[in-house]
There are 2 protein chains.
Amino acid sequence: MAGEEPGRRMAARSKRSDAVRNQQALLTAAAEVFTTSGVNAPIRQIAARAGVGLATIYRHFPTRADLVTAVYHHQIEACADAGPALLASADTPLAALRQWVDLFVDFLVTKHGLADALQSDSASFATLHAYFLDRLLPVTARLLDAAVEAGEIRPGTQPYELLRGIGNLCIGRDDNPDYDPRRLIDLLLRGLRSEA
Amino acid sequence: MAGEEPGRRMAARSKRSDAVRNQQALLTAAAEVFTTSGVNAPIRQIAARAGVGLATIYRHFPTRADLVTAVYHHQIEACADAGPALLASADTPLAALRQWVDLFVDFLVTKHGLADALQSDSASFATLHAYFLDRLLPVTARLLDAAVEAGEIRPGTQPYELLRGIGNLCIGRDDNPDYDPRRLIDLLLRGLRSEA
DNA sequence: TAATATGCGGAACAACGATCCGTTTTGTCA
DNA sequence: TGACAAAACGGATCGTTGTTCCGCATATTA
């Protein structure tokens, strides 16, 4: 990626220093605003906190999803990586699945409005949805397959279904402190188990 | 405050005919717009179709939830009434619960964006949320209790949890035709069953 | 018919997402 | 170094939507 030629001249111009500085400032500001006001906070608010203009934020992150993705990139990757690790360390595949789901739920629940955004039909969030699926679907599939193969759960459940169900159940936890998605997700996983 | 209270003095003035006509036109227009553009359609669109001004819609239905509630009032009542009826007609309480949940899901799924609105943290939808809970929570509780008493499901599940979980799982079905909440809800109910 | 409560319509304001354009900054090369 | 063009910037601006306000119209009643 460093050898791109932005035109005909050979010496690729390096990225301007103010650009990278602003991008960093935006990431920091967005992370702060997201935790205080949720991932649906007004763009202006983020731009203001970063001390940049409106166009700058759109230039670096064309859609809101791009910004959200960038902010949570590391955590999403960590969650994806945790899948195989848990499969190796847990007692049984189903236990690994449970622990991984716990991780995933923790992630979703601590980011205000993230679960909501994930299922939003807004076009701005389409790429976020895609990114989550791209990284987490294979992990879910592997965990499910392992549990099926071990005879712990019934076959036939699609990874997408499970991921989506978990995401959906995490929606709207913010306003209602006495709603705990984990209990319902536990029911869901329980319903997955093979009979007898 | 020696001033006379409006409408107290003499025979209460009957409602103006244009007012009731407009209210009816708004209900019809809203029902149409809701089915085509979802329950989050712009207020202006509804007002335009009804052929009334903006203020008129706000006068009759101060919040969007009031309009939604009015439009779906009959169906919500029918859903609530179906609970006891199914309990009487079904083979077992759990079967009744399943059938009733099916009804509820059908209702939610056919109203675009209704499930989304139900869990929305927007203040406009607070009263809608409250209305649903007010009518359907007792029904859910009765179905759950009966199934517990019959030993078909484990005790300990709160009616609100179940209702909310079902509602959440129905969110966002519109955009993704290959997402069927019913399968996940079936898993949820399966997870409810008492151990053999 | 006249008086008045009641209701009406649309202008107006605010918040937000998204875009556009004149200006500034930065890196490069003579 | 100094000038130039690409790159980036900032904020004005537009379009959309929710919500309120106010002068005007009208149905009802006396």
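Order of the sequence lines sets the chain letters (A, B, ...), proteins ahead of strands, with each chain counted from 1.
In this model, no donor atom of one side chain and acceptor atom of the other lie less than 3.5 Å apart for A:Gln23 and A:Lys15.
For A:Thr140 (side chain) and A:Pro159 (main-chain N/O), no donor-acceptor pair under 3.5 Å exists by modelled atom type. A donor-acceptor distance shorter than 3.5 angstrom exists from the side chain of B:Asp174 to the backbone of B:Gly113, with no hydrogens or angles considered. At least one donor-acceptor pair closer than 3.5 Å links the side chain of A:Asn168 to the backbone N or O of B:Ile171.
Between A:Asp186 and A:Arg190 there is a salt bridge, with a side-chain nitrogen of the basic residue lying less than 4.0 Å from a carboxylate oxygen of the acidic one.
Both B:Arg21 and B:Pro42 lie close to DNA chain D; mapped to their nearest nucleotides by heavy-atom distance, the more 5′-ward contact belongs to B:Pro42. DNA chain D is contacted by both A:Gly53 and B:Pro62; A:Gly53 maps to the nucleotide lying nearer its 5′ end (nearest heavy atom per residue).
When rounded to the nearest whole Å, the span between CD1 of A:Ile57 and P of C:dT19 equals 14 Å. Atom CD in A:Gln23 sits about 9 Å away from atom P in D:dC9, given to the nearest Å. Here the C1' atom of nucleotide D:dT19 and the CG atom of B:Leu67 are 15 Å apart, to the nearest Å. For the pair B:Phe61 CZ and C:dG7 C1', the computed distance is 15 Å after rounding to whole Å. Note: CD (A:Gln24) to P (D:dC9) measures 13 Å, nearest angstrom. For the pair B:Lys15 NZ and C:dG7 P, the computed distance is 7 Å after rounding to whole Å.
Between B:Arg59 and C:dC8 there is a side-chain polar atom (N or O) within less than 4.0 angstrom of OP1 or OP2. Between B:Thr56 and the phosphate of C:dG7, there is no side-chain N or O to OP1/OP2 separation shorter than 4.0 Å. The phosphate of D:dA6 has neither OP1 nor OP2 within less than 4.0 Å of any side-chain N or O from A:Arg16. Checking the phosphate oxygens (OP1, OP2) of D:dG18, no side-chain nitrogen or oxygen of B:Ser124 falls inside 4.0 Å. The phosphate of C:dG7 (OP1 or OP2) has no side-chain N or O of B:Asn22 nearer than 4.0 angstrom. The phosphate of D:dC9 has OP1 or OP2 within less than 4.0 Å of a side-chain N or O from A:His60.
The nucleotide whose nearest atom lies closest to any side-chain atom of A:Leu54 is, among C:dA18, C:dT28, D:dG18, C:dA18. Set against C:dA18, D:dT19, C:dT25, the side chain of A:Asp18 has C:dT25 as its closest nucleotide. Listed candidates were C:dG9, D:dG11, D:dG18. Nearest to the side chain of A:Ala55 is D:dG11. Closest contact between the side chain of A:Arg44 and the listed nucleotides C:dG17, C:dC8, D:dT19 involves C:dG17. Residue B:Ser14 has its side chain nearest to D:dT28 when only C:dC8, D:dT28, D:dC9 are considered. Minimum atom distance to the side chain of A:Tyr58 is reached by C:dT19, of the listed C:dG7, D:dG10, C:dT19.
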